[in-house]
Amino acid sequence: MMHPRLLVSDVDGTIVRHDRTLAPSTIAAAARLRAAGIRLALISSRPPGGLAVLRGPLVLDTPCAGFNGALVQDEEGKTIAEHTIPADACREAVARLEADGLDVWVFADGEWLLRNDRAAYIASEQRSIAMEWRVVQDFTPHLGRVHKVMGSSPDFARCALAASKLSNALGGEAAVLRSQDYYVDVTHPRANKGEAALAIAQRLGIAPADMAAIGDMPNDLPMFAASGLAIAMGNARNEVRAHARFIVADNDHDGWAEAVARLLG
């Protein structure tokens with residue numbers, strides 16, 4: 001596939017740099033896609049509000065998906081698909097992540113809830129998602145409509161172990177994914193980037209075979225599997241690289257623009 005009709009892109013570690021900004025080369029590459037008639041859609045672990053801030057610079061007119069696909073919105077911000085985590089799975093995820101020493105965040109009913117306002121990564125996450133947080137003493141009253149539970153820690157090995165243990169404990173009740181080395185993401189089992197990519201493609205009338213995907217982390221692999229062509233960033237893990245048709249430079253060295261140049265040939 002030389003010229004896809006749709007490119008679905010991860011955000012952090014992919015289309016934005018490590019400082020969470022868009023490179024001029026990325027904005028120019030998005031314009032080249034538009035000129036070639038190729039649609040661009042964003043699928044991210046961020047809440048939808050964290051994607052809205054990118055719509056203007058990238059001139060997007062497509063649906064987007066937040067929370068690893070738990071919430072898909074059309075180009076006007078209206079919900080077209082939604083998956084919330086079962087309350088029992090939420091309770092178990094919160095309890096197990098806290099027991100493993102991670103700071104827990106809950107995204108429920110449009111709110112970002114947390115118990116420790118001194119946790120690592122709050123400031124950087126807030127810059128990314130353009131969302132205020134609220135401290136609560138107990139998550140229990142808020143577990144009825146949760147799009148994502150997150151665990152965070154600067155101890156990457158602790159996060160990896162916690163994710164593995166939680167995935168085994170929850171089984172099919174929820175999906176446990178890694179969007180960053182310092183995060184553990186818990187969503188509904190059908191809330192994954194592959195399902196979201198297929199929903200967006202269907203909305204746009206584009207066959208999955210005519211869709212390309214680009215990303216850097218394991219939570220991008222379902223998106224790769226759903227697409228006709230997978231592209232890994234240079235900063236991607238080896239397990240992600242292994243599923244890609246080709247690999248480009250990292251997100252701080254114009255990798256996303258390189259991917260577009262190769263797609264356009």
Side-chain angles (χ1 to χ4, degrees), residues 1-4 6-36 38-46 50-60 62 64-66 68 120-121 123-130 152 154 156 159-160 177-183 185 193 197 211-265:
M1 182 179 64
M2 294 301 294
H3 289 268
L6 170 65
L7 174 62
V8 288
S9 177
D10 171 51
V11 176
D12 296 293
T14 300
I15 202 169
V16 299
R17 295 176 287 196
H18 278 101
D19 65 1
R20 311 301 175 96
T21 63
L22 291 165
S25 65
T26 296
I27 295 172
R32 291 186 65 202
L33 285 177
R34 288 195 306 278
I38 299 172
R39 312 297 292 276
L40 169 62
L42 303 180
I43 303 179
S44 174
S45 63
R46 294 184 180 193
L51 305 179
V53 298
L54 301 174
R55 281 191 171 277
L58 295 171
V59 195
L60 298 182
T62 52
C64 69
N68 286 323
Y121 308 114
S124 61
E125 187 70 9
Q126 189 172 37
R127 286 195 300 272
S128 296
I129 68 177
S152 70
F156 298 172
C159 285
L177 300 166
R178 303 290 303 286
S179 59
Q180 300 290 341
D181 288 330
Y182 42 83
Y183 286 156
D185 294 354
K193 292 189 177 185
M211 177 170 61
I214 182 169
D216 72 308
M217 288 293 287
N219 66 327
D220 295 316
L221 291 177
M223 185 169 69
F224 282 15
S227 303
L229 174 67
I231 308 162
M233 298 295 293
N235 48 291
R237 291 184 178 187
N238 288 336
E239 65 192 281
V240 177
R241 289 167 171 251
H243 290 83
R245 182 82 61 85
F246 61 84
I247 301 165
V248 294
D250 66 46
N251 62 321
D252 280 335
H253 294 90
D254 301 319
W256 199 87
E258 178 189 341
V260 169
R262 293 187 65 171
L263 287 178
L264 296 178

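- Of the inter-residue distances, the one linking Cys64 atom SG with Leu40 atom CG reads 11.0 Å to the nearest 0.5 angstrom.
- Residues Pro154 and Ala120 approach most closely at CD-CB, 4.2 Å, considering heavy atoms.
- The shortest non-hydrogen separation linking Ser179 to Asp185 is OG-OD2, 2.8 Å.
- Of the inter-residue distances, the one linking Leu177 atom CG with Asn68 atom CG reads 5.5 Å to the nearest 0.5 angstrom.
- The heavy-atom pair separating Ile231 from Phe224 by the smallest distance is O-CZ, 3.2 Å.
- Ile15 contributes atom CD1, which lies 4.0 Å from atom OG of Ser9 (distance to the nearest 0.5 angstrom).
- Minimum interatomic distance between Ala259 and Ile214 (heavy atoms only, all atoms of both residues): CB-CD1, 3.6 Å.
- At distances below 3.5 Å, at least one donor-acceptor pair connects side-chain atoms of Arg55 with backbone N or O atoms of Thr62.
- At a threshold of 4.5 Å between non-hydrogen side-chain atoms, the residues Met233 and Val240 do not count as touching.
- Under a 3.5 Å cut-off, the side chain of Arg20 and the backbone N or O of Ile129 do not form any donor-acceptor pair.
- A heavy-atom distance below 4.5 Å is found between the side chains of Arg17 and Asp252.
- In this structure a side-chain-to-backbone donor-acceptor pair under 3.5 Å is present from Arg34 to Leu58.
- The two atoms that bring Ser227 and Ala213 nearest to each other are OG-CB, 3.3 Å, heavy atoms only.
- Leu54 places a side-chain heavy atom less than 4.5 Å from the side chain of Arg46.
- A donor-acceptor pair under 3.5 Å links the side-chain atoms of Asn251 to the main chain of Val16, judged by distance alone.
- Between Gln180 and Tyr121, the side chains place no donor N or O within less than 3.5 Å of an acceptor N or O (distance only, hydrogens not considered).
- Side-chain contact between Thr14 and Trp256 is present, with heavy atoms from C-beta onward closer than 4.5 Å.
- Exactly one residue among Asp181, Asp216, Asp220 makes a side chain to side chain donor-acceptor pair (under 3.5 Å) with Arg237. That residue is Asp181.
- Within the 3.5 Å criterion, the main-chain N or O of Gly13 finds a donor-acceptor partner in the side chain of Asn235.
- A side-chain donor-acceptor contact under 3.5 Å links Arg178 to the backbone of Tyr183.
- No side-chain heavy atom of Leu229 sits less than 4.5 Å from a side-chain heavy atom of Pro4.
- The CG atom of Leu42 lies 9.0 Å from the CG atom of Asp10; values are rounded to the nearest 0.5 Å.
- Side-chain atoms of Ile38 and Leu264, non-hydrogen and from C-beta on, do get closer than 4.5 Å to each other.
- Of all heavy-atom pairs between Leu22 and Pro57, the closest is CD1-CB, 3.7 Å.
- Summarising the geometry, atom CZ belonging to Arg127 is positioned 11.0 Å from atom OG1 belonging to Thr21; distances are rounded to the nearest 0.5 Å.
- Here the CE atom belonging to Met211 is positioned 10.0 Å from the CG atom belonging to Leu7, to the nearest 0.5 angstrom.
- Of the possible donor and acceptor atoms, one in the side chain of Glu258 sits under 3.5 Å from a partner among the backbone N and O of Ala249.
- Between the side chain of Arg241 and the main chain of Gly234, a donor-acceptor pair closer than 3.5 Å is present.
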